[in-house]
Visitor: 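Structure provided below as structure tokens; questions to follow.
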Amino acid sequence: MEKQTVGAQDVDMHEEMRRAFAMLSGKWKLEIMWLLNQRVYRFNELRKAIPGITQHMLTAQLRDLEADGLVSRTVYAEVPPRVEYEMTEKARGLEPTMNALAAWWAEFGSSIPTRTTTRGRKGSGQK
């Protein structure tokens with residue numbers, strides 16, 4: 001990509017896209033974002049909805065997404081404590097991209113060969 005001029009400053013779009021990809025990269029981040037795009041989740045609901053993710057990894061990925069301003073975490077003063085996660089308005093800006101990906105998959109997903117493994121998840125057929 002070329003540098004694009006925005007006002008008086010040059011923007012290297014390749015570098016900017018690398019930053020965007022890095023923010024969304026991670027083994028589980030897009031799956032977490034997809035689920036949170038549907039509704040608000042509690043921690044254990046997310047863990048159950050993503051087969052194979054460990055508690056440690058879910059915590060780490062949620063912390064990264066929260067630090068980047070894409071996920072908000074709400075703790076309720078109850079016994080036991082209730083913690084809910086939801087997408088922020090910033091993350092809602094990705095909704096058209098998610099919808100485009102879903103539409104692309106609906107059109108072309110059946111033409112993509114099914115893999116025998118699913119990223120090393122438990123119960124994925126690996127021995």
Side-chain angles (χ1 to χ4, degrees):
M1 288 193 140
E2 298 178 7
K3 288 187 178 181
Q4 297 180 1
T5 302
V6 178
Q9 69 184 101
D10 286 336
V11 176
D12 183 343
M13 284 309 294
H14 182 236
E15 284 302 313
E16 293 301 309
M17 290 310 300
R18 287 183 60 162
R19 289 180 60 209
F21 295 150
M23 188 170 61
L24 294 172
S25 68
K27 187 171 182 179
W28 309 100
K29 285 183 182 178
L30 289 175
E31 193 166 351
I32 292 167
M33 295 293 290
W34 174 258
L35 288 168
L36 293 177
N37 189 48
Q38 312 304 311
R39 66 178 180 89
V40 174
Y41 274 84
R42 293 177 70 172
F43 183 87
N44 282 330
E45 290 177 317
L46 276 172
R47 189 165 174 212
K48 289 175 185 172
I50 306 172
I53 194 167
T54 64
Q55 180 174 338
H56 173 79
M57 185 53 69
L58 179 57
T59 299
Q61 299 281 269
L62 285 167
R63 283 182 182 158
D64 285 351
L65 291 166
E66 186 179 9
D68 290 332
L70 298 176
V71 169
S72 68
R73 176 179 186 264
T74 305
V75 180
Y76 295 91
E78 299 174 356
V79 177
R82 177 171 49 116
V83 179
E84 293 182 341
Y85 295 90
E86 64 183 312
M87 291 179 72
T88 62
E89 284 304 310
K90 182 194 300 187
R92 293 252 174 244
L94 293 168
E95 194 167 0
T97 303
M98 290 186 186
N99 291 338
L101 182 58
W104 175 83
W105 187 259
E107 185 173 348
F108 299 108
S110 62
S111 69
I112 297 172
T114 303
R115 294 184 180 186
T116 57
T117 63
T118 54
R119 301 184 301 173
R121 293 181 177 180
K122 296 175 188 171
S124 63
Q126 292 181 348
K127 297 184 180 178

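Please read these numbers as outputs of a predicted model, since none were measured by experiment.
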Visitor: Does the pair Glu31 and Ile53 meet the rule for a side-chain contact (heavy atoms from CB on, under 4.5 Å), with working shown?
Guide: CA-CA 11 Å; Glu31 193 166 351; Ile53 194 167; over 6 Å; no

Visitor: Run the salt-bridge test on Glu16 and Arg19 with the 4.0 Å N-O cut-off and return the result as yes or no.
Guide: yes

Visitor: Work out which heavy atom in Gly93 is nearest to a heavy atom in Pro96; give both atom names and the distance.
Guide: O-CD, 3.4 Å

Visitor: Tell me whether Arg18 at atom CZ has more than 12 heavy atoms from other residues, nucleotides or ligands lying less than 6.0 Å away.
Guide: no

Visitor: Is the shortest heavy-atom distance from the side chain of Leu36 to the side chain of Leu46 under 4.5 Å?
Guide: yes

Visitor: Could you tabulate the donor-acceptor pairs under 3.5 Å formed by side-chain atoms of residues 98-111, not counting sequence neighbours?
Guide:
| unit_1 | atom_1 | unit_2 | atom_2 | d |
| --- | --- | --- | --- | --- |
| Asn99 | ND2 | Glu95 | O | 3.4 |
| Ser111 | OG | Phe108 | O | 2.6 |

Visitor: Just to verify, which of Leu62, Asp64, Leu24 counts as forming a side-chain contact (heavy atoms from CB on, under 4.5 Å) with Lys29?
Guide: Asp64

Visitor: Could you give the distance from CD (Glu86) to CZ (Arg92), rounded to the nearest 0.5 Å?
Guide: 7.5 Å

Visitor: Among Met33, Arg63, Gln61, which residue satisfies the side-chain contact (heavy atoms from CB on, under 4.5 Å) criterion with Val71?
Guide: Met33

Visitor: For atom CD of Glu78, decide whether the heavy atoms of other residues, nucleotides or ligands shown that lie under 6.0 angstrom number more than 12.
Guide: yes

Visitor: So, for Arg42 and Glu45, which heavy atoms are closest and what is the spacing to 0.1 Å?
Guide: N-OE1, 2.8 Å

Visitor: What distance do Tyr41 atom OH and Met87 atom CE have between them, rounded to the nearest 0.5 Å?
Guide: 12.5 Å

Visitor: Do the numbers put Arg47 on top of the ring of Phe43, so that NZ or CZ is under 6.0 Å from the six-membered ring centre and no more than 45° off the axis?
Guide: no

